[in-house]
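All remarks here apply to the structure that follows.
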Amino acid sequence: MEIPSKYSPNETEDRIYAMWLEKKVFKSTPNDKPAYTIVIPPPNVTGVLHMGHMLNNTIQDLLIRRARMRGFNACWVPGTDHASIATEAKVVQKLRKEGIKKSDLSRDAFMEHAWEWTHKHGGIILDQLKKLGASCDWDRTRFTMDPKYYESVIDCFIDLHKKGKIYRGERMINWDPAALTALSDEEVIHKEIQSKLYFLKYQIEGTSEFLTVATTRPETILGDTAVCVNPRDERYTHLHGKRVIVPLVNRSVPVIADEYVEIEFGTGCLKVTPAHDQNDFMLGEKYQLEVINMMNADGTISEAGGMYVGQERFAVRDQIAKDLDAAGLLAKTEEHLNKVGYSERTDVVIEPRLSLQWFVDMKDLSKPALENVMNDTIRFFPPKFKNSYRNWMENIKDWCISRQLWWGHRIPAFYAPDGSFEVAKNIEDAVAQFQTKGASWSASDLKQDEDVLDTWFSSWLWPIGVFDGFYSKEELDYYYPTADLVTAPEIMFFWVARMIVAGYEYVGNFPFKNVYYTGIVRDKQGRKMSKSLGNSPDPIELMQQFGADGVRVGMLLSSPAGNDLPFDESLCEQGRNFANKIWNAFRLVKSWEEKIDGSLEQPESSAIAVKWMNNRFEQVLVEMEDGYDKFRISEVLMQTYKLIWDDFCAWYLEMAKPSYGKGIDSKTYNDTLDIFQNLLKVLHPFMPFLTEEMWQHMDSWKSESEMICISNWPAAKTFEPNIQKDFEEFEQLVTEVRNVRKKQNLPNKEALVVSFMKTANRNSSFDAAFTHLCNISELNEVSEKMNPSFSFMVNGVEYFIPYTASVDVEAEQAKMKEELAYLEGFLKSVEAKLTNERFVNNAPAAVLDGERKKQSDALSKIAAIKEQLG
RNA sequence: GGGAGUUUAGCUCAGCUGGUUCAGAGCAUCUGCCUUACAAGCAGAGGGUCACUGGUUCGAACCCAGUAAUUCCCA
């Protein structure tokens with residue numbers, strides 16, 4: 001069978017993936033083997049694969065495939081997140097295009113549309129993951145709104161409410177006036193905006209004097225109920241206890257004094273609008289100020305504002321500035337760099353707003369989660385993220401979990417007409433609960449809370465919920481805690497921290513042992529990849545172009561944990577080239593199948609090559625295992641890359657390759673297959689398709705295991721460091737000879753004679769490989785230097801290759817002189833150290849010996865060159 | 001404003017306990033090759049004031065202090 005010289009992934013990948021699915025190799029059920037579990041960070045159900053997913057899931061697949069081969073019961077649980085805000089926004093948008101307004105629909109009708117949308121687009125992303133080679137147990141696919149999962153979320157809410165950890169309260173929250181919902185702090189993005197600072201004049205009551213207050217939001221004067229100064233600010237001590245008149249509004253408000261005010265900022269006077277600013281709210285509570293809510297939910301001015309009613313907030317800002325100016329109450333305006341909060345979802349300016357919301361009291365819940373990260377029970381990779389984790393957890397605030405949306409888990413609170421409420425699993429339970437309290441409401445009297453829960457309030461239960469852990473311990477006991485979590489640092493607080501909290505609260509144990517934080521995928525210019533910038537390549541197209549394996553390698557080549565990944569297609573190209581390189585090594589070895597000559601003995605050159613290659617494999621394997629333990633994925637990949645490309649292809653195969661037209665002995669052939677097999681195994685997690693395809697082509701491999709993905713990971717054995725040392729010497733020697741060939745333009749076909757100066761301790765272990773590889777006809781020992789000839793030193797032994805054709809003697813001598821000058825300078829610096837008494841007295845013996853060896857090596861090299869020069 | 005990080009070759013990054021793994025890797029570049037697995041390749045070569053300034057030490061890319069640039073998180 002003719003194997004093409006180019007590997008074509010497109011033909012292969014779908015076929016291989018179908019085989020894996022058919023043989024159910026990714027399926028996991030509890031058994032005697034130890035479990036190794038990963039739960040996927042569930043992507044948005046209607047999302048499409050982007051480069052961040054590619055990175056993330058490549059790493060997860062790599063870990064799970066390695067674990068599977070190492071004999072664990074590997075279980076990777078896939079699934080999707082209902083993503084309430086994002087999905088609802090998409091459905092609203094789609095309906096709008098059809099001319100339907102959300103407000104015209106009933107809740108049930110809207111939910112029908114949302115489900116339809118979910119069924120239509122849901123799962124696309126999971127199919128895309130299959131293209132990448134993701135070895136998930138697809139039978140376990142979960143969705144955060146599956147009936148069972150939904151129930152878990154509701155039960156969790158009820159439980160926390162019973163424990164007194166969930167409460168309803170009026171708080172200053174982040175309000176999104178476009179989506180008409182509350183947002184958690186984490187959903188607000190702060191941006192620096194060039195804005196104006198307005199200096200407003202407040203008349204001091206009963207005088208003709210004015211007080212100037214600086215503000216970035218002049219429209220909020222409609223809600224002013226005080227002016228605040230710092231008690232230490234001597235400019236304003238005379239105003240303590242006085243009252244001032246709010247400009248335009250003409251309301252009299254008190255002047256209060258509080259340390260909170262920054263003396264240096266603006267004029268040192270702060271207008272206090274308790275309903276529209278977090279800190280003002282705090283001042284309002286402290287000094288029992290009146291609260292005037294001057295804004296409607298959609299960002300227009302409310303009746304309570306008294307002026308500009310119904311007008312949009314930013315229009316009013318401009319208008320009020322003009323009106324103030326006209327009234328002579330605007331002292332001046334200044335340019336000002338301001339940080340403004342924007343909604344992550346709708347990108348409109350967030351309005352701090354007082355409203356009645358549901359909260360989780362996080363203070364006590366978060367304690368074990370903080371402790372067990374700090375003491376490394378749960379390990380973070382890279383550990384630097386422990387710092388920000390601690391910072392956040394130590395200052396944790398209550399979690400606002402209600403959202404004014406329909407798509408999601410509806411809050412299980414039922415309100416009676418008198419405003420009292422019960423938290424219950426369903427309306428019947430609520431009726432019963434009212435009854436026990438002596439309130440006899442019927443089901444038709446009660447109304448369920450209109451709001452749904454924050455999406456993260458469902459995904460924080462993910463590692464438990466995917467195993468139905470709230471209702472059955474069977475799978476939970478086996479799979480939980482999971483092994484590793486692979487995710488982006490951006491959602492450390494949204495998700496990772498809260499899963500840890502939930503894990504300790506509901507299972508009494510951590511949800512995962514290790515957390516690997518990936519970086520952010522950026523484009524060449526360092527910009528974050530985003531849809532709006534259009535700078536993100538389509539992963540599916542990339543995989544078509546370079547193969548899934550090529551893209552996987554491309555993603556992992558430069559992505560140490562926690563570092564951003566500056567993505568460049570050329571990395572995928574490197575991955576594709578690597579695939580092709582291996583493919584061709586396979587073609588070579590496969591071609592030997594027909595050249596086996598049973599009568600041949602294994603030549604010495606092949607014997608040493610096999611011995612070295614096996615030894616080298618062991619050496620690198622140890623380093624790789626160490627790298628895996630530390631999650632240094634890129635490093636492990638590079639080690640694998642060099643092991644295969646440099647050691648195996650460039651050196652081993654060249655040494656073992658039979659001479660032109662000759663057959664191959666069966667021992668070398670079989671040894672080569674064994675080596676190749678091990679290499680493919682350690683490569684498999686990185687390039688699953690390519691390795692499986694080759695495995696399927698080789699009967700002797702298939703006799704060990706039907707598929708490489710379920711074969712046994714090679715066990716680390718001991719390696720002999722001396723063999724590698726000898727090899728490196730041999731490598732130098734070969735390079736020197738190649739250089740001589742190049743200088744003289746001697747093709748490899750032409751045999752060479754090489755001589756070396758007689759020495760007691762010349763190492764000859766690789767001589768057979770050397771003469772085979774470099775086409776050396778004679779390797780002679782001589783007792784006198786040869787002239788004229790090229791000469792070079794390898795590990796203290798001087799080698800000679802006689803000049804053949806015309807050689808530029810002067811150029812050679814000039815080069816030698818350069819070398820001589822360098823060596824003499826080097827020697828000088830070494831000797832300076834050795835004559836420094838303090839160095840000799842303080843440095844450890846090993847370092848001293850090293851310096852002495854440097855000295856003697858330099859001396860002998862200098863002597864040799866001088867002799868050559870004549 | 002508070003906190004954390006980063007700065008080593010053209011690019012992306014290693015460099016773990018201060019000293020033979022000490023200035024490295026991959027890619028890119030340059031030179032020569034269609035050598036019977038592979039031009040998506042082979043062979044060879046060049047390339048660095050380890051951000052800057054000072055300190056500690058026999059010895060600093062590594063420890064300390066300061067400066068600069070830059071990234072992220074929080075408010």
Side-chain angles (χ1 to χ4, degrees), chain A residues 3-7 185-186 188 190 262 264-265 278-279 339 341 382 384-392 394-395 397 489-490 492-493 519-520 522 524 526 528 546-547 550 554 557-560 562-568 570-571 573-592 626-627 630 632 634-635 637-639 641-642 645-646 649-650 653-654 657-662 728 734-743 745 747-750 775 832-854 857:
Chain A
I3 306 175
S5 73
K6 300 257 190 293
Y7 170 63
D185 290 345
E186 290 75 22
V188 177
H190 294 271
E262 270 180 61
E264 289 77 22
F265 184 82
Q278 187 85 50
N279 297 306
K339 285 228 173 149
K384 67 176 178 189
F385 286 115
K386 281 166 74 179
N387 280 327
S388 32
Y389 181 83
R390 186 183 57 209
N391 221 299
W392 193 73
E394 280 177 350
N395 301 297
K397 284 186 249 142
E490 301 163 296
M492 181 161 70
F493 307 130
I520 296 165
R522 296 179 180 277
K524 269 192 251 184
K528 202 169 159 175
F546 300 106
L557 268 172
S558 79
S559 53
N563 271 26
D564 286 358
L565 172 93
F567 182 78
D568 188 333
S570 68
L571 292 166
E573 202 177 316
Q574 195 182 346
R576 179 200 61 183
N577 293 354
F578 184 42
N580 202 52
K581 181 72 187 177
I582 300 159
W583 184 249
N584 278 290
F586 180 69
R587 283 177 69 217
L588 174 69
V589 174
K590 188 83 181 154
S591 75
W592 292 350
D626 184 55
K630 294 172 179 151
R632 296 174 165 224
S634 302
E635 260 175 57
L637 173 57
M638 190 43 70
Q639 280 162 337
Y641 182 92
K642 287 195 280 189
W645 200 310
D646 298 344
C649 294
L653 287 179
E654 293 302 329
K657 197 193 259 182
S659 306
Y660 182 62
K662 300 270 172 58
E728 276 156 24
V734 171
T735 303
E736 293 285 5
V737 172
R738 281 173 178 163
N739 267 327
V740 170
R741 278 191 185 277
K742 194 170 184 186
K743 274 183 206 158
N745 225 344
N748 205 42
K749 277 181 207 156
E750 238 170 279
N775 194 12
K833 260 192 214 174
L834 286 170
T835 51
N836 181 342
E837 243 176 76
R838 287 197 291 178
F839 172 75
V840 177
N841 292 338
N842 289 308
V847 176
L848 263 178
D849 287 348
E851 292 299 318
R852 295 216 171 93
K853 183 160 189 317
K854 275 187 201 167
D857 282 358

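The chains referred to below are lettered A, B, ... by the order of the sequence lines, with proteins before strands, and numbering in each begins at 1.
Using a 4.0 Å heavy-atom distance criterion, Tyr641(A) is classed as a sugar-phosphate-only contact.
With sequence neighbours excluded, no residue forms a side-chain contact (heavy atoms from CB on, under 4.5 Å) with Lys742(A). Remark: Lys6(A) pairs with Asn580(A) by the side-chain contact (heavy atoms from CB on, under 4.5 Å) rule, at least two apart or across chains. Under the salt bridge (Lys or Arg N to Asp or Glu O under 4.0 Å) criterion, Asp626(A) pairs with Lys630(A), sequence neighbours left out. Among residues two or more places apart in sequence or in another chain, the side-chain contact (heavy atoms from CB on, under 4.5 Å) test is passed with Arg852(A) by Leu834(A), Leu848(A), Asp849(A). Listed by chain and residue number, Lys528(A) satisfy the salt bridge (Lys or Arg N to Asp or Glu O under 4.0 Å) test with Glu490(A) (two or more places apart in sequence, or in another chain). Partners of Ser5(A) according to the side-chain contact (heavy atoms from CB on, under 4.5 Å) rule, which considers only residues two or more places apart in sequence or in another chain, are Asn584(A), Arg587(A). In this structure Phe578(A) satisfies the ring-ring contact (aromatic ring centres under 6.0 Å, His included) test together with Tyr641(A), sequence neighbours excluded.
One distance of note links CD1 of Ile582(A) with SG of Cys649(A); it measures 7.5 Å at 0.5 Å rounding.
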Provide a list of protein-nucleic acid N or O atom pairs under 3.5 angstrom, restricted to nucleotides 16-21 of chain B.
none

Could you list, one pair per line, each protein nitrogen or oxygen that sits under 3.5 Å from a nitrogen or oxygen of nucleotides 32-35 of chain B, together with the distance?
none

With the criterion being N/O to N/O and under 3.5 Å, what pairs connect the protein with nucleotides 2-4 of chain B, and how long is each?
residue, atom, partner, partner atom, Å
G3(B), O2', Asn391(A), ND2, 3.4
A4(B), O3', Asn387(A), ND2, 3.3

Interface polar pairs with nucleotides 45-48 of chain B, N/O, under 3.5 angstrom:
none

**Secondary structure string for RNA chain B (Watson-Crick or G-U under 3.5 angstrom, | for other-strand pairs)** = (((((((..((((.....[....)))).(((((.......))))).....(((((..]....)))))))))))).
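In terms of modelled atom types and a separation under 3.5 Å, the side chain of Arg576(A) and the main chain of Gly547(A) share no donor-acceptor contact. Without hydrogens or angle criteria, Trp583(A) side chain to Pro4(A) main chain gives a donor-acceptor distance under 3.5 Å.
Side-chain atoms of Glu654(A) and base atoms of A37(B) include a donor and an acceptor less than 3.5 Å apart.
When the C1' atom is compared between C27(B) and A60(B), the two are found 30 Å apart, to the nearest whole Å. Atom name P, nucleotides A4(B) and C64(B): the rounded distance is 14 Å, in whole Å.
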